[in-house]
Amino acid sequence: VWEMPDELEEISGIAHFGNNKIASVQDEDGIIFIYDLNSSSVTDEFEFAGPGDYEGITLVGTTAYVLRSDGAIFEVRNFRNKNNVTLEYKDLFPSGVNFEGLGYDEENNRLLLALKEKSGDEFQPVYGFDLNTKKKIDEPVLKIPFDDSVFDSLDQKRSRKILRPSEITIHPQTWEIYVLEGVNPKLLILDPSGNPRELFVLNKKQFPQAEGLTFGSSGEIYISNEGKGG
């Protein structure tokens, strides 16, 4: 377990990129923080935008993509350079949406955006952002049905509250899709086609507000939690 420093108390998105380094963002500042797992400290900071509610980060080579809660995407080229170049893609979705999860789908060269609220009553949509055209894909690229048997173990009504994603990430070896929830902490694993496969309920004392998920080079899972008063 790593205890985050004060500047990452509101940590919301993480992305592992080798040498035990994790790129992370938090809810308030347009800064990518580099956290070193060996030294248990922030070793660098790279500003890319002004204050905002930043919820997810994923890496494609030397480019970082950061998600704001309203669905805006920031493309930060050469993100580990103080002179990085940032492009913003905004007004992709209607006002009032709340996105929290961002992952890179290498096979389809697109980003996956997980919607936390405002889903339908029958399924949880996952949207796509095409990295070839730099445009939103109009229809959801994945639909997670609320009536799937994978949720049978939960003592919850089959509604949009049964799954409120805080992160979405693809496993680098199996290509399975991992969907994390922080409200009632759980981890849902989908097969590469997006069909629910396994559901794990997480211990709320260990995962009080699970917000970010990434994989290390050996396939190990790292999960970040926002602080709750400390």
Side-chain angles (χ1 to χ4, degrees), residues 1-5 7-26 32-44 46 54-67 79-80 100-108 110-114 126 142 144 150 153 163-228:
V1 176
W2 290 265
E3 296 291 341
M4 294 296 101
E7 61 263 45
L8 287 177
E9 181 181 345
E10 299 294 321
I11 190 169
S12 55
I14 56 176
H16 189 282
F17 63 95
N19 295 320
N20 280 313
K21 298 284 199 309
I22 287 184
S24 56
V25 292
Q26 44 100 305
I32 296 174
F33 298 85
I34 306 301
Y35 187 82
D36 189 310
L37 296 171
N38 291 329
S39 65
S40 300
S41 63
V42 172
T43 57
D44 223 332
F46 300 96
Y54 301 103
E55 294 290 352
I57 182 172
T58 192
L59 306 179
V60 183
T62 60
T63 297
Y65 290 92
V66 178
L67 175 69
F79 74 96
R80 297 187 69 189
E100 284 206 0
L102 181 70
Y104 175 47
D105 178 358
E106 181 179 357
E107 183 176 4
N108 296 292
R110 66 189 180 190
L111 302 178
L112 300 179
L113 290 78
V126 175
L142 298 174
I144 305 171
V150 78
S153 62
L163 181 66
R164 289 174 281 184
S166 58
E167 187 60 287
I168 185 166
T169 309
I170 294 181
H171 194 290
Q173 281 93 35
T174 67
W175 304 109
E176 292 172 313
I177 303 164
Y178 282 58
V179 180
L180 181 69
E181 178 182 337
V183 179
N184 294 302
K186 60 178 70 80
L187 179 61
L188 174 65
I189 301 177
L190 314 174
D191 69 20
S193 298
N195 303 303
R197 177 173 285 175
E198 287 185 276
L199 180 71
F200 297 92
V201 176
L202 305 179
N203 185 328
K204 199 170 182 66
K205 291 183 179 179
Q206 290 180 306
F207 301 94
Q209 193 170 333
E211 292 277 340
L213 186 152
T214 189
F215 293 98
S217 54
S218 300
E220 68 274 23
I221 301 173
Y222 296 91
I223 294 176
S224 61
N225 292 269
E226 277 197 21
K228 287 198 169 184

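No hydrogens, no waters, no symmetry mates; every other heavy atom, side chains included, goes into these values.
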Task: Euclidean distance, L112 CG relative to E167 CD, rounded to 0.5 Å - done: 10.5 Å
Task: CD/E220: more than 12 non-hydrogen atoms of other groups inside 6.0 Å - done: yes
Open item on the list: Nearest 0.5 angstrom please: E176 CD to I189 CD1, how far?
Closed with: 5.5 Å
Open item on the list: Rounded to the nearest 0.5 Å, what separates atom CD in Q26 from atom OH in Y54?
Closed with: 10.0 Å
Task: Distance (rounded to the nearest 0.5 Å) between I223 CD1 and E211 CD - done: 11.5 Å
Task: Least distance between heavy atoms, A23 atom then F17 atom - done: N-CE2, 3.6 Å
Task: Sidechain-backbone polar pair: T43 side chain, D36 backbone, donor-acceptor under 3.5 Å - done: no
Task: Interatomic distance, R197 atom CZ to Y178 atom OH [nearest 0.5 angstrom] - done: 9.0 Å
Open item on the list: Taking A210's backbone N and O only, do any of them form a donor-acceptor pair with N225's side chain (distance below 3.5 Å, no angle check)?
Closed with: yes
TODO: Measure from the side-chain N and O atoms of K204 to the backbone N and O of V183, and report whether any donor-acceptor pair falls under 3.5 Å.
DONE: yes
- [ ] Measure the spacing between CD of E107 and CH2 of W175 and express it to the nearest 0.5 Å.
- [x] 7.0 Å
Task: Evaluation steps, side-chain contact (heavy atoms from CB on, under 4.5 Å), between F33 and I11 - done: CA-CA 10 Å; F33 298 85; I11 190 169; over 6 Å; no
